[in-house]
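Taking it in order: structure first as structure tokens, then the write-up.
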Amino acid sequence: MATHVITGAGSGIGAAVARRLHERGDDIVLMARDAGRAKQLAGAFPGARTLVGDLANPDRLSWAFSHQPMPERVDSLLHIAGVVDLGRVGDLGTKTWHSQLNVNLIAPAELTRLFLPQLRHDKGHVVFVNSGAGLTAHAEWGPYAASKHGLKALADALRQEEHGNGVRVTSVYPGRTASAMQEKVHHQEGKEYDPSRWIDPESVATTILMSLDLPRDAEVNDITVRPGR
């Protein structure tokens with residue numbers, strides 16, 4: 001039975017991935033920002049384990065983990081959580097930059113560091129769910145795009161550093177996906193939200209599971225998923 005550590009399992013792509021892995025009998029360990037959220041996730045995925053650690057405060061993740069039982073093996077670490085706040089560079093203060101960089105970039109880097117010894121031992125797989133914004137930046141998307149461009153750099157560096165240790169690294173770049181985050185983005189853009197126009201989270205989950213299930217003779221480095229409509 002494979003063990004997968006997942007961030008962002010509460011909604012959208014993360015929930016779809018967690019559900020698929022849970023249904024097929026894999027062991028899932030779900031990151032939660034606090035004890036209340038951990039209880040909700042445990043109720044949604046019976047038998048799943050939870051780890052409490054606030055991605056918005058990556059400096060405290062190591063301390064938080066030192067007070068909890070950790071998984072004995074890690075076959076994959078799936079970075080799916082993310083936050084977004086739009087705005088023009090000239091209008092945004094440091095708080096907006098820090099909040100997106102912490103959750104979208106620094107927390108994934110710290111989680112990867114903390115789990116890397118197990119990933120090396122188990123020849124595991126690290127998946128970074130990035131974004132189209134990690135490849136191209138647009139007006140009012142500066143902090144989010146910067147965090148996702150940084151996430152691409154993190155993945156590329158990690159892949160080269162850990163290839164010899166048998167650790168696989170995949171970046172997935174979904175286009176706009178029907179989710180609570182996308183609804184928030186539309187609200188910030190002043191647009192009507194129609195989820196039928198965008199990628200179903202299940203389609204992105206299928207892509208992620210494909211990369212996880214690929215035989216060891218091959219590795220998917222980068223996958224771009226775009227709306228089909």
Side-chain angles (χ1 to χ4, degrees), residues 4-24 26 28-34 36-46 48 50-56 76-86 99-105 107-108 111 125-135 138 141 143-145 147-148 151-152 155 170-189 191-212 222-229:
H4 311 275
V5 178
I6 309 171
T7 73
S11 64
I13 296 169
V17 170
R19 184 170 54 253
R20 298 271 286 275
L21 293 171
H22 186 253
E23 287 175 350
R24 76 185 198 180
D26 285 6
I28 57 174
V29 182
L30 309 178
M31 285 290 302
R33 62 179 173 269
D34 53 40
R37 187 59 162 166
K39 185 176 180 180
Q40 291 176 346
L41 290 171
F45 300 96
T50 58
L51 275 176
V52 175
D54 188 358
L55 302 184
S76 80
L77 174 59
L78 309 178
H79 297 290
I80 307 178
V83 296
V84 60
D85 281 294
L86 305 185
S99 65
Q100 294 179 77
L101 288 168
N102 279 347
V103 174
N104 298 345
L105 175 58
L111 284 176
H125 197 150
V126 184
V127 176
F128 296 92
V129 175
N130 201 298
S131 165
L135 300 171
H138 296 286
W141 287 78
Y144 182 76
S147 71
K148 292 298 189 176
L151 194 67
K152 179 185 185 302
T170 299
S171 288
V172 182
Y173 301 89
R176 295 202 180 208
T177 303
S179 63
M181 176 185 283
Q182 192 57 231
E183 187 173 7
K184 176 184 177 181
V185 166
H186 274 69
H187 177 74
Q188 292 180 342
E189 292 175 326
K191 298 178 181 178
E192 182 179 350
Y193 174 62
D194 179 2
S196 67
R197 294 183 58 196
W198 310 118
I199 304 168
D200 190 313
E202 293 289 344
S203 298
V204 183
T206 297
T207 304
I208 293 170
L209 265 64
M210 178 275 292
S211 71
L212 291 177
D222 299 280
I223 310 173
T224 300
V225 186
R226 307 302 301 170
R229 300 179 180 85

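Quick note: residue numbers are just sequence positions, from 1.
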Can you tell me how far [atom2] of [Y] sits from [atom1] of [X], rounded to the nearest 0.5 angstrom?
| X | Y | atom1 | atom2 | answer |
| --- | --- | --- | --- | --- |
| Asp222 | Thr224 | CG | OG1 | 7.0 Å |
| Asp200 | Ile13 | CG | CD1 | 10.0 Å |
| Tyr193 | Arg176 | OH | CZ | 10.5 Å |
| Ile80 | Ser11 | CD1 | OG | 10.5 Å |
| Ser99 | Tyr144 | OG | OH | 12.5 Å |
| Ile208 | His4 | CD1 | NE2 | 12.0 Å |

A side-chain contact here means heavy atoms from C-beta on lying under 4.5 Å apart; do [X] and [Y] qualify?
| X | Y | result |
| --- | --- | --- |
| Val84 | Gln100 | yes |
| Val204 | Thr206 | no |
| Leu78 | Leu21 | yes |
| Pro143 | Asp85 | no |
| Tyr173 | Leu135 | yes |
| Leu77 | His125 | no |
| Val126 | Ser76 | no |
| Pro174 | Val129 | yes |

Show the nearest heavy-atom pair for residues [X] and [Y], with the distance to one decimal.
| X | Y | value |
| --- | --- | --- |
| Ile6 | Gly14 | CG2-O, 4.4 Å |
| Ala9 | Leu30 | CB-CD2, 3.8 Å |
| Val103 | Gly82 | CG1-CA, 4.2 Å |

**Study point:** Verdict with supporting geometry, Val127 and Val172, side chain to side chain contact (heavy atoms under 4.5 Å, CB included)
**Key:** CA-CA 7 Å; Val127 176; Val172 182; 4.1 Å; yes

Point to revise | For Arg20, all residues meeting salt bridge (charged side-chain N to carboxylate O under 4.0 Å, His left out), sequence neighbours excluded | key: Glu202

Review point. Listed by chain and number, what are the side chain to side chain contact (heavy atoms under 4.5 Å, CB included) partners of Ala81, not counting sequence neighbours?
Key: Thr7, Leu55

Exercise for review: Tell me, with the steps shown, if Leu86 and Val185 meet side chain to side chain contact (heavy atoms under 4.5 Å, CB included).
Suggested key: CA-CA 8 Å; Leu86 305 185; Val185 166; 4.2 Å; yes

Quick check: does any side chain N or O of [X] sit under 3.5 Å from a backbone N or O of [Y], one acting as donor and the other as acceptor?
| X | Y | result |
| --- | --- | --- |
| Lys152 | Ser171 | no |
| Thr177 | Gly175 | yes |
| Asn104 | Ser147 | no |

Identify all side-chain donor-acceptor contacts of residues 37-45 below 3.5 Å with residues at least two apart in sequence or on another chain.
residue, atom, partner, partner atom, Å
Arg37, NH1, Gln40, OE1, 2.8

**Study point:** Parallel, tilted or perpendicular: ring planes of Phe128 versus His79, cut at 30 and 60 degrees
**Key:** parallel

Practice item. Just do the side chain to side chain contact (heavy atoms under 4.5 Å, CB included) check on Ile199 and Val225 with the steps written out, would you? Key: CA-CA 8 Å; Ile199 304 168; Val225 186; 4.1 Å; yes

